[in-house]
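Values below: all heavy atoms of this structure, side chains included; hydrogens, waters and symmetry mates excluded. These numbers were taken from a predicted model, which means no experiment stands behind them.
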Amino acid sequence: MELDHAELQEMLANDPYMLLVDVRDEEEFDAGHIPGAGNMSVDDIVDCLFDEALGERGLDAIANGKGMELSDDASVIVLYSNAGERSARACEHMESLGYVNVYNAPGLSSWPYEVVTTAEEAAVAAALAQNGVVATQEVGQSHDCGCGHDHHGEHGHEHGHDCGCNH
């Protein structure tokens, strides 16, 4: 099934049990991806002949990174690539293995919202850990720090906005 950007953004904000998977290669992922996404390349996905292999090769790790178990907790799996072609291929393969609730999102090249690098995510996690803060809020969820502006997840304000409150 296909999603548009607005549907994906809504899922990111409202479904803590959604797995978002970037199916591009690791170098592309590291250079920029949707916050909260995990990475499993399309080649790794289509090389799997059984659904259990998909978990062993990467989907379990993505789910565990969100504090979930893939088989028990994941409500939906959303795949994306740069232009949508690789994610469509991966989605079709997963469906052929019996996965349901697998969605293909439009490509990152047309994503109108925030994109982060792996280094940026690591820096945020390190800063939080250094200050003894454990990130418990899902990326994409709004929170209120009292400054009067809308914040989105652990990455701060809406794209391009900074009110100076350090959130």
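Atom OG1 of Thr118 sits about 10.5 Å away from atom CD of Glu27, to the nearest 0.5 Å. The distance from the OH atom of Tyr103 to the CD atom of Glu7 is 9.0 Å, given to the nearest 0.5 Å. Taken to the nearest 0.5 Å, the CD1 atom of Ile77 stands 15.5 Å off from the OH atom of Tyr17. Annotation: the span from Asp60 atom CG to Glu56 atom CD amounts to 7.5 Å, rounded to 0.5 Å.
Counting heavy atoms from C-beta on, the side chains of Leu79 and Met94 come closer than 4.5 Å. With contacts defined as side-chain heavy-atom distances shorter than 4.5 Å, the pair Leu8/Leu20 qualifies. The shortest side-chain heavy-atom distance between Trp111 and Gln9 falls under the 4.5 Å cut-off. Residues Tyr99 and Leu54 meet the side-chain proximity criterion, which asks for heavy atoms closer than 4.5 Å.
Residues Met40 and Cys48 approach most closely at CE-SG, 4.5 Å, considering heavy atoms. Contact detail for Tyr80 and Ala37: the closest heavy-atom pair is OH-CB, 3.6 Å. When all heavy atoms of Cys91 and Asn104 are compared, the pair lying nearest together is SG-N, 4.1 Å. The shortest heavy-atom contact between Gly32 and Leu108 is O-CD2, 3.4 Å. Here the shortest heavy-atom pairing between Arg86 and Val42 reads O-CG2, 3.4 Å.
When the options Ile62, Asn101, Val78 are evaluated for a side chain to side chain contact (heavy atoms under 4.5 Å, CB included) with Leu19, the one that passes is Ile62.
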| task | Carefully, step by step, assess Asp25 and Glu28 under the rule side chain to side chain contact (heavy atoms under 4.5 Å, CB included). | result | CA-CA 5 Å; Asp25 64 41; Glu28 290 175 290; 3.3 Å; yes

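Residues that satisfy the side-chain hydrogen bond (donor to acceptor under 3.5 Å, both in side chains) test with His33, not counting sequence neighbours, are Glu121. With sequence neighbours left out, Ser81 forms a side-chain hydrogen bond (donor to acceptor under 3.5 Å, both in side chains) with Ser87.
In this structure, Glu10 places its CD atom where only 12 or fewer heavy-atom neighbours from other residues, nucleotides or ligands lie under 6.0 Å away.
Judged purely by atom type and a 3.5 angstrom limit, Asn39 uses its side chain to pair as donor or acceptor with the backbone of Asp22. Put simply, the side chain of Glu95 never gets that close to the backbone of Glu92: no donor and acceptor are under 3.5 Å apart. A donor-acceptor distance shorter than 3.5 angstrom exists from the side chain of Ser109 to the backbone of Asn82, with no hydrogens or angles considered.
Under the 4.5 Å side-chain heavy-atom criterion for Ile, Leu, Val, Met, Phe, Trp and Tyr, Val115 and Met11 are members of the same hydrophobic cluster.
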